[in-house]
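Below is one structure, written out as structure tokens; comments come after it.
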Amino acid sequence: MLTPKHFISQITDITKQKKAESQLNLVVQRLSGILEASTQVTIISTDTNGLITSFNKGAENLLQYKAEELVGKQTAGIFHLKEEVEKRGEELSKLEGEKVEGFNVFVNFSKRVKHEAREWTYVRKDGTIFPVLLTITAITESNKIVGYLGIASNIEEIKNTEKELKSLISVTKDQNERLLNFAHIVSHNLRSHSGNFSMILDEKDPEVIAEFTGMLREASNRLEETVLHLNEVVQLNIKTENALVKVNLLNTLNSALSNLAGLIKDSEATVQIDIDKASSIKGVSAYLDSIFLNMLSNAVKYRSKERKLEIKVSAVRENDFWCIIFEDNGTGIDLKKNAAKLFGMYKTFHGNKDARGIGLFITKNQIESMGGKIEVESELNVGSRFKIYLHE
Amino acid sequence: MSRINTICIVDDDPIYIKGVKKLIEMGDYCDNFLIFSNGQEAWDYYSKALKENATLPNVTLIDINMPVLDGWELLELLEDSDKTNECVIYVVSSSIDPIDIDKAKSYSFVKDYVSKPLTLNKIKALFDYVIKNESSS
């Protein structure tokens with residue numbers, strides 16, 4: 001039997017390695033602890049192509065997918081809104097001067113600046129959506145990107161509060177504007193009537209008094225009219241949102257036309273109608289009556305002396321809205337000069353004696369209180385086209 | 001000079017115009033009036049008069065709220081001409097809004113802001129001042 005003469009033993013100090021190992025275990029434990037404990041935050045990692053490599057408890061909770069359904073099988077695109085990604089892709093493409101699409105939309109910035117935070121919309125397994133604030137960080141190993149880590153939290157509540165605040169601000173702004181208009185009427189118009197009264201009544205000379213008496217009637221008519229306008233502005237203040245009912249467009253138009261039959265006949269105008277008899281909007285019936293009457297009577301009032309008046313009323317669908325179009329071949333409006341005045345109160349720019357500068361102001365406010373909007377295109381001496389958008 | 005040659009009134013309110021004319025006649029200040037019912041009509045006259053170097057009305061009363069071209073727009077146009085310093089311009093309006101009053105007074109060639117209604121006393125104060133200044137100059 002061969003007896004070994006000597007042993008060679010090699011002792012390597014692996015203290016460092018062991019320490020590192022246990023430290024690594026600790027870190028991994030801690031990390032997975034954090035990952036699992038985060039039940040309200042989604043922490044998802046992907047490889048460089050977007051393939052999901054880990055999917056934490058929070059992601060399971062919020063997105064309704066199980067980790068095993070997605071890890072190694074799906075890309076992050078599965079819980080993103082396709083249109084939103086495409087839209088952002090277009091923005092980035094414009095910015096970068098080259099096509100950015102697919103997964104690159106998410107990591108375009110993270111590639112360079114290591115992380116990027118943005119608001120996105122997440123889609124749950126059942127198709128419902130919620131807004132998130134997503135921070136994407138590039139994971140690097142010796143300066144090479146090996147994957148990405150996306151951490152997102154649900155910001156639905158913040159968003160809702162933000163929305164509420166915004167709508168509150170817009171209501172306050174509206175009310176403020178009306179208050180200003182109210183103050184304006186009181187300051188300018190009511191005072192001008194009372195001024196006229198006192199000027200007339202201060203008169204001592206009987207001859208002049210006789211002359212002034214006829215004016216009293218006119219002054220009192222004008223005062224009455226102003227009070228009516230004031231009343232209309234106050235009425236607009238009352239929120240109409242809840243009082244919206246289905247109003248048929250063609251019926252409303254026909255009743256406005258029959259109301260104005262005399263006026264239209266006298267002006268020898270032709271009216272062309274292109275509205276489907278089934279089309280209707282959600283609104284306040286009395287408002288729509290007043291809007292249609294005002295649009296038509298304006299067309300007659302501001303017709304051109306050089307040609308026969310032609311009015312065309314049509315309605316086309318635009319998403320959830322009906323766009324009601326009033327076109328005429330009247331005097332038109334110089335929008336460059338008068339755009340700001342057009343819908344303002346007591347602003348008139350035609351030398352028309354009947355103009356009181358209240359019609360379009362009321363019309364605009366009525367439309368807006370029903371959640372719609374009004375736009376105008378016009379060319380001097382050619383005609384005008386008013387577009388009124390109202391909810392279907 | 002004890003009377004004013006020409007008074008120009010720019011206002012869209014026919015009752016006011018009639019009343020003011022009456023008051024001025026009663027005070028025997030003037031019987032030569034130029035009446036414009038909005039800023040555009042007044043500017044048509046003024047721009048022509050300025051171009052031809054014609055004599056301008058001695059006193060002009062301008063309302064603020066008017067159709068077509070309002071008082072502010074007319075003042076802007078008049079401001080561009082240095083000849084406007086030669087005539088006396090008052091802004092006369094029913095507004096008691098301090099913003100309007102300050103804005104009117106901010107034009108160097110606007111003598112003063114007068115709030116409607118005009119009374120014989122107010123007219124006296126305005127025109128006695130104008131006559132005094134014209135005769136001393």
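All chains are named by letter (A, B, ...) in the order of the sequence lines, taking the proteins before the strands, and each is independently numbered beginning at 1.
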**OP:** Assess whether side-chain hydrogen bond (donor to acceptor under 3.5 Å, both in side chains) is satisfied between B/Ser37 and B/Glu41, documenting all intermediate values.
**Re:** CA-CA 7 Å; B/Ser37 66; B/Glu41 286 179 16; 3.2 Å; yes
Original post:
So which bits of residues 73-80 of chain B come within less than 4.5 Å of chain A, counting non-hydrogen atoms only?
Top reply: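 B/Glu73 fall under the 4.5 Å cut-off.
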Original post:
Among residues 10-21 of chain B, which residues come closer than 4.5 Å to chain A, judged by heavy atom distances?
Top reply: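 Hits under 4.5 Å: B/Asp13, B/Pro14, B/Ile15, B/Tyr16, B/Lys18, B/Gly19, B/Val20.
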Interchain contact, [X] with chain A, by part (heavy-atom threshold 4.5 Å):
| X | value |
| --- | --- |
| B/Leu23 | side chain |
| B/Lys22 | side chain |
| B/Asp100 | side chain |

**OP:** Evaluate whether atom CG of A/Leu165 has more than 12 neighbouring non-hydrogen atoms of other residues, nucleotides or ligands under 6.0 angstrom away.
**Re:**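 Counting other residues, nucleotides and ligands, CG of A/Leu165 exceeds 12 neighbours.
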Subject >> Ring centre gap for B/Tyr113 and B/Tyr90 strictly below 6.0 Å >> reply: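 Distance test on ring centres: not under 6.0 Å, no.
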Original post:
Taking the six-membered ring where the residue is Trp, are the ring centres of B/Tyr29 and B/Phe127 under 6.0 Å apart?
Top reply: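 Centroid separation for B/Tyr29 and B/Phe127: below 6.0 Å.
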**OP:** Could you pull out all residues at least two apart from B/Lys48 that satisfy salt bridge (Lys or Arg N to Asp or Glu O under 4.0 Å)?
**Re:**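 Once residues adjacent in sequence are excluded, the partners of B/Lys48 under the salt bridge (Lys or Arg N to Asp or Glu O under 4.0 Å) criterion are B/Glu52.
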Original post:
Rounded to the nearest 0.5 Å, how far does CD1 of A/Ile325 lie from CZ of A/Arg385?
Top reply: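 Between A/Arg385 CZ and A/Ile325 CD1, I get 7.0 Å after rounding to 0.5 Å.
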**OP:** State which residues pass side chain to side chain donor-acceptor pair (under 3.5 Å) with A/Ser384; sequence neighbours excluded, sorted by chain then number.
**Re:**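 By the side chain to side chain donor-acceptor pair (under 3.5 Å) rule, A/Ser384 matches A/Ser378.
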Subject >> Short N-O contact, A/Lys373 and A/Glu375, less than 4.0 angstrom >> reply: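 Yes, charged N to carboxylate O under 4.0 Å.
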**OP:** Salt-bridge test for B/Arg3 and B/Asp28: reply yes if a basic N is under 4.0 Å from a carboxylate O, no otherwise.
**Re:**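 Judged by the 4.0 Å cut-off on N to carboxylate O distance, B/Arg3 and B/Asp28 do form a salt bridge.
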Original post:
Do the rings of B/Phe36 and B/Tyr45 sit parallel, tilted or perpendicular, given the 30° and 60° boundaries?
Top reply: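 Judged by the thresholds at 30° and 60°, the geometry between B/Phe36 and B/Tyr45 is tilted.
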Subject >> Side chains of A/Leu249 and A/Leu288 in contact at under 4.5 Å (non-hydrogen atoms) >> reply: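 Sidechains of A/Leu288 and A/Leu249: in contact.
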